[in-house]
Student: 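Before I ask anything, here is the structure I am working with.
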There are 4 protein chains.
Amino acid sequence: MAVAEPESTARRRAPRVDAIRNREAIVEAAAEVLAEQGAAVDVREIARRSGVGMGTLYRHFPKKDDLVHTVLRQDFSRWAESARQAAIDAEDPWAALTDFYQQALTGYARHRAIMENFALTWSVPDLEGIRQLRLVIEELCARAGAAGLLRPGVTTDDLLLLLVSLGHAVQITDECRPQMWNRLLRISLDGLRADRREPLPTDTAPDSVSRSLRQ
Amino acid sequence: MAVAEPESTARRRAPRVDAIRNREAIVEAAAEVLAEQGAAVDVREIARRSGVGMGTLYRHFPKKDDLVHTVLRQDFSRWAESARQAAIDAEDPWAALTDFYQQALTGYARHRAIMENFALTWSVPDLEGIRQLRLVIEELCARAGAAGLLRPGVTTDDLLLLLVSLGHAVQITDECRPQMWNRLLRISLDGLRADRREPLPTDTAPDSVSRSLRQ
Amino acid sequence: MAVAEPESTARRRAPRVDAIRNREAIVEAAAEVLAEQGAAVDVREIARRSGVGMGTLYRHFPKKDDLVHTVLRQDFSRWAESARQAAIDAEDPWAALTDFYQQALTGYARHRAIMENFALTWSVPDLEGIRQLRLVIEELCARAGAAGLLRPGVTTDDLLLLLVSLGHAVQITDECRPQMWNRLLRISLDGLRADRREPLPTDTAPDSVSRSLRQ
Amino acid sequence: MAVAEPESTARRRAPRVDAIRNREAIVEAAAEVLAEQGAAVDVREIARRSGVGMGTLYRHFPKKDDLVHTVLRQDFSRWAESARQAAIDAEDPWAALTDFYQQALTGYARHRAIMENFALTWSVPDLEGIRQLRLVIEELCARAGAAGLLRPGVTTDDLLLLLVSLGHAVQITDECRPQMWNRLLRISLDGLRADRREPLPTDTAPDSVSRSLRQ
DNA sequence: GATGAATGAGGGTTCATTCAT
DNA sequence: AATGAATGAACCCTCATTCAT
């Protein structure tokens with residue numbers, strides 16, 4: 001079983017070369033289309049772009065959802081990884097945070113299906129692949145907090161929601177007004193800095209928040 | 001039918017009373033449904049709720065889009081007005097700004113079709129009814145700027161984009177985590193205050209922004 | 001409410017004339033097709049034969065199953081009624097039984113969907129419309145039993161199963177060998193007569209039955 | 001490849017061992033699946049259970065029908081043989097008949113594809129493998145007839161149709177009401193006995209039969 | 001003018017059969 | 001020869017829009 005079997009292995013792999021290529025073509029085409037048009041695309045469009053028949057597509061992904069989830073998991077992962085890398089490369093905790101957002105918003109925020117799905121984070125329990133991204137943010141939050149750079153009271157959830165929120169801003173402006181969202185990012189990050197600002201209230205009761213909003 | 005109708009004007013008014021009533025019923029029902037479910041709703045659902053037949057609906061609004069736009073114009077107007085009122089009632093320019101956002105995000109941010117449409121502000125030229133909202137923001141921006149409360153360089157577009165961005169946050173969190181968005185609002189508004197913060201760069205070139213992001 | 005409203009009634013009925021005609025055309029075409037080809041038919045075929053579009057068909061019957069069940073209910077009813085009538089018209093209890101089978105097997109046994117569905121009587125609890133047929137048989141069974149004509153021990157279930165069984169025989173032979181099934185019917189009915197034959201065992205244990213089979 | 005192969009015959013035999021094994025595996029798996037689910041099964045299911053690829057399956061049986069027919073021929077044969085054996089083992093001609101039905105209905109009547117196909121006996125000319133079964137019945141018919149035990153006028157076709165008919169009864173009841181069909185068998189066989197009953201009419205004209213049905 | 005029935009172009013999915021490896 | 005991936009026609013169903021009454 002554990003013995004190498006050059007021939008049988010080759011025999012089994014041979015047909016798969018094409019299959020793998022097709023599967024990849026499908027996922028790639030799907031990622032493209034999903035990024036452009038969101039999850040509502042016609043499956044036939046994906047098949048067309050990937051150059052395979054419907055049957056092939058459905059052989060690899062028995063339900064449209066399977067394909068969509070596969071793409072989302074992959075793209076969320078890549079997204080999380082690229083953003084995480086940007087954070088790691090940064091010199092200090094604050095730069096890590098800013099670079100994280102910068103990268104996260106530059107790379108994938110125009111991916112429609114990603115954003116559609118991301119938006120469900122709060123209403124659907126265990127969403128595809130968001131965990132990874134959340135972990136990255138958690139770490140950033142901890143690091144910046146420990147360094148005393150982050151405004152007290154700011155939570156991972158706040159940072160996550162800020163990401164979704166800005167991601168949406170990117171999505172709707174980047175095509176016509178590239179980088180316009182960067183100004184919003186700047187503003188928000190400034191609001192997040194510790195400085196001499198008072199901490200955010202721990203609760204979110206309308207009264208306390210709205211009172212404090214006016215300072 | 002073939003009879004002469006001297007008082008045609010008077011005669012025509014009578015049926016119009018019904019027509020107007022119908023039109024209003026349609027718009028009202030549509031507003032309700034569009035708020036709940038977004039623009040993807042089945043036209044039948046609108047007809048059902050308004051109590052008119054499909055034919056009537058399509059007589060008043062030859063395309064689904066016509067109805068949607070009509071509703072959006074109306075609801076954007078109401079939205080703008082309610083937010084504007086909150087701003088007017090405020091004591092000072094900064095309170096006007098915060099109250100504006102508070103009201104704007106409380107009142108209509110859960111209106112799905114509004115938000116869907118609002119998102120198109122930057123990619124579609126002259127969107128239904130957004131103008132009014134923009135005017136309100138423009139005024140707020142001017143007032144707060146004149147009072148030296150607003151961070152220099154902040155534009156109406158920034159405030160508008162912030163509104164869309166936070167509106168999205170409201171939409172995706174308010175049901176499961178009510179008021180969570182209020183924290184994000186607080187953060188963003190803090191980032192907008194003049195204080196001792198340096199002005200936002202006037203351009204949005206990636207370099208200058210990203211350089212300045214790290215301060 | 002209970003007041004007659006000639007005008008409004010007419011107004012409301014007017015459009016329905018066509019709808020009813022269509023609905024009937026659909027049901028009629030469906031009955032025809034289902035009789036010919038069974039429940040596996042393409043919905044498009046039914047739409048085509050009834051001369052309506054897919055949408056119309058689905059307006060009247062939101063699921064294919066709804067249409068199928070409607071047809072089955074109707075045809076089972078008609079079947080039960082025609083067979084029951086034949087039984088009523090008969091002179092004596094035994095003639096009632098024979099005429100019932102004669103009519104039942106002549107009228108609907110070639111209806112493929114009916115037979116497909118009928119076959120499910122024992123595996124599916126409360127099948128469409130079979131109840132009526134069962135009631136008729138129950139009555140026949142009681143009458144013939146009371147008259148001492150029916151072999152003791154014969155149950156309604158026996159008679160029902162005989163009907164399904166012979167119905168199948170009709171279905172598979174009537175086209176090529178019309179009336180061949182009639183011989184089988186004769187044989188079975190003779191086996192059901194009281195005469196001087198011993199009663200059927202009440203249980204169905206293989207042993208007792210198979211022992212008695214050899215007498 | 002281009003090398004001469006003098007012992008081509010010998011060389012060809014080697015691979016055939018596998019081929020034969022495969023063919024057998026396919027037929028066996030097909031028989032199993034066809035018995036369980038009828039001829040409508042997905043070909044993939046057969047390939048899966050037989051452990052061969054689709055290509056292999058289709059090499060041996062170019063059309064699904066080819067495989068189905070092969071299986072049916074085989075299973076009809078086995079069926080005929082098992083029933084024939086039961087008949088042979090019986091002591092007297094009548095026991096032979098009853099044991100034949102008992103065995104035939106016990107052994108294969110739950111084989112869905114067999115029954116589906118059996119049903120076509122009368123509408124399709126020279127059906128797979130039914131001949132053998134027919135021969136068995138012919139013999140039984142002759143033997144019982146010669147012994148004066150079979151009601152005069154009963155034909156091989158009658159007995160065959162009775163078998164299909166009861167086979168159907170078995171199929172639809174045996175799972176939920178095991179042996180219920182045995183009662184029907186008893187009834188039918190009683191109807192077949194000579195006793196002092198009048199002969200079956202030789203023709204099947206509705207009139208003569210239905211007249212005689214009421215006696 | 002109002003009504004709601006009719007239309008039919010898609011959208012997701014399955015499966016007998018073919019074909020490259 | 002064997003493998004199993006690829007194909008695409010056909011299936012059930014939805015919904016924006018039109019049309020007869």
Side-chain angles (χ1 to χ4, degrees), chain A residues 10-23 26 40-47 51-65 67, chain B residues 12 14-16 18-19 22 40-45 47-48 51-65 67, chain C residues 10-23 26 40-45 47 51-65 67, chain D residues 12 14-16 18-19 22-23 40-45 47-48 51-65 67:
Chain A
R11 270 199 183 179
R12 267 178 203 163
R13 259 180 206 161
R16 263 190 180 160
V17 171
D18 257 45
I20 289 175
R21 199 177 302 152
N22 267 330
R23 192 193 153 95
I26 292 168
V41 269
D42 189 340
V43 182
R44 282 165 171 86
E45 171 67 14
I46 300 176
V52 306
M54 291 295 293
T56 305
L57 196 156
Y58 272 88
R59 155 177 277 274
H60 289 287
F61 304 95
K63 300 275 166 199
K64 181 187 181 183
D65 245 33
L67 174 53
Chain B
R12 262 182 207 155
R16 248 182 199 163
D18 261 43
N22 271 334
V41 271
D42 192 330
V43 182
R44 280 154 228 273
E45 175 66 13
R48 211 173 297 129
V52 306
M54 292 291 286
T56 306
L57 195 156
Y58 271 86
R59 161 171 289 275
H60 288 287
F61 306 94
K63 298 274 166 197
K64 182 186 182 183
D65 246 32
L67 172 54
Chain C
R11 270 199 181 177
R12 267 178 202 161
R13 260 183 205 158
R16 262 188 179 160
V17 171
D18 258 46
I20 289 174
R21 200 176 301 154
N22 268 330
R23 194 195 152 93
I26 292 168
V41 270
D42 189 339
V43 181
R44 279 169 171 83
E45 172 65 13
V52 306
M54 292 293 292
T56 304
L57 197 156
Y58 273 89
R59 155 178 275 274
H60 289 287
F61 304 95
K63 300 277 168 198
K64 182 188 180 182
D65 246 34
L67 174 54
Chain D
R12 264 184 206 151
R16 249 184 199 166
D18 260 43
N22 271 334
R23 194 192 150 92
V41 269
D42 193 329
V43 182
R44 281 155 227 274
E45 175 65 15
R48 210 173 298 129
V52 308
M54 292 291 287
T56 306
L57 195 156
Y58 269 86
R59 159 173 289 277
H60 288 287
F61 306 94
K63 297 277 167 195
K64 183 187 180 181
D65 246 32
L67 173 54

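Everything numeric in this text was worked out from a predicted model, so none of it was measured. Reminder, nothing fancy here: chain letters follow the sequence lines and each chain counts from 1.
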Student: Which residues satisfy the side chain to side chain contact (heavy atoms under 4.5 Å, CB included) test with F61(B), sequence neighbours excluded?
Tutor: R23(B), I26(B), V27(B), D66(B), L67(B), T70(B)
Student: Output the rounded distance in Å from CZ (R23(D)) to P (dT3(F)).
Tutor: 16 Å
Student: Tell me which of G53(A) and R21(C) sits closer to the 5' end of DNA chain F, going by the nucleotide each one is nearest to.
Tutor: G53(A)
Student: Can you name the closest pair of heavy atoms from V52(C) and L57(C) and give their distance?
Tutor: CG2-N, 4.2 Å
Student: Please report the shortest heavy-atom distance between V41(A) and K64(A), naming the atom on each side.
Tutor: O-NZ, 2.8 Å
Student: Taking atom C1' of dT7(E) as reference, at what distance in whole Å does atom CD1 of I26(C) sit?
Tutor: 12 Å
Student: Is the phosphate of dA1(F) approached by T56(D) (side-chain N or O, under 4.0 Å from OP1 or OP2)?
Tutor: no
Student: dG4(E) P sits how many Å from D42(B) CG, rounded?
Tutor: 15 Å
Student: Among the candidates dA9(E), dG4(E), dA2(F), find the nucleotide nearest to the side-chain atoms of M54(C).
Tutor: dA9(E)
Student: Between atom CG in L57(C) and atom C1' in dC11(F), what is the gap in whole Å?
Tutor: 14 Å
Student: Give the rounded distance in Å between these two atoms: CZ of F61(A) and P of dT14(E).
Tutor: 15 Å
Student: So which heavy atom on M54(B) is nearest to which on R44(B), and how close?
Tutor: SD-CA, 4.0 Å
Student: OP1, OP2 of dT14(F) versus side-chain N and O of K63(C): anything below 4.0 Å?
Tutor: yes
Student: Is the shortest side-chain N/O distance from Y58(B) to OP1 or OP2 of dT17(F) below 4.0 Å?
Tutor: yes
Student: What's the CG-P distance between L67(A) and dT13(E), to the nearest Å?
Tutor: 11 Å
Student: Given pairs defined as Watson-Crick or G-U wobble with both distances under 3.5 Å, what dot-bracket annotation applies to DNA chain E, with ( ) intrastrand, [ ] crossing, | other strand and . unpaired?
Tutor: .||||||||||||||||||||
Student: Name the residue closer to the 5' end of DNA chain E, choosing between D65(A) and P62(D) according to the nucleotide with the nearest heavy atom.
Tutor: D65(A)
Student: Pick the closest DNA chain F nucleotide for G51(A) and for G55(B) by heavy atoms, then say which residue is nearer the 5' end.
Tutor: G51(A)
Student: Considering only heavy atoms and no angle criterion, is a donor-acceptor pair shorter than 3.5 Å present between the side chain of R44(A) and the base of dG10(E)?
Tutor: no
Student: Round to a whole Å and report the spacing from CZ of R59(B) to P of dG4(E).
Tutor: 15 Å
Student: Tell me which nucleotide among dT3(F), dC12(F), dA2(E) gets nearest to the side chain of N22(D).
Tutor: dT3(F)
Student: For the pair made of NE2 in H60(B) and P in dT3(E), what is the distance, rounded to whole Å?
Tutor: 9 Å
Student: D18(A) has a side chain; which of dA2(F), dT21(E), dT3(E) sits nearest to it?
Tutor: dT21(E)
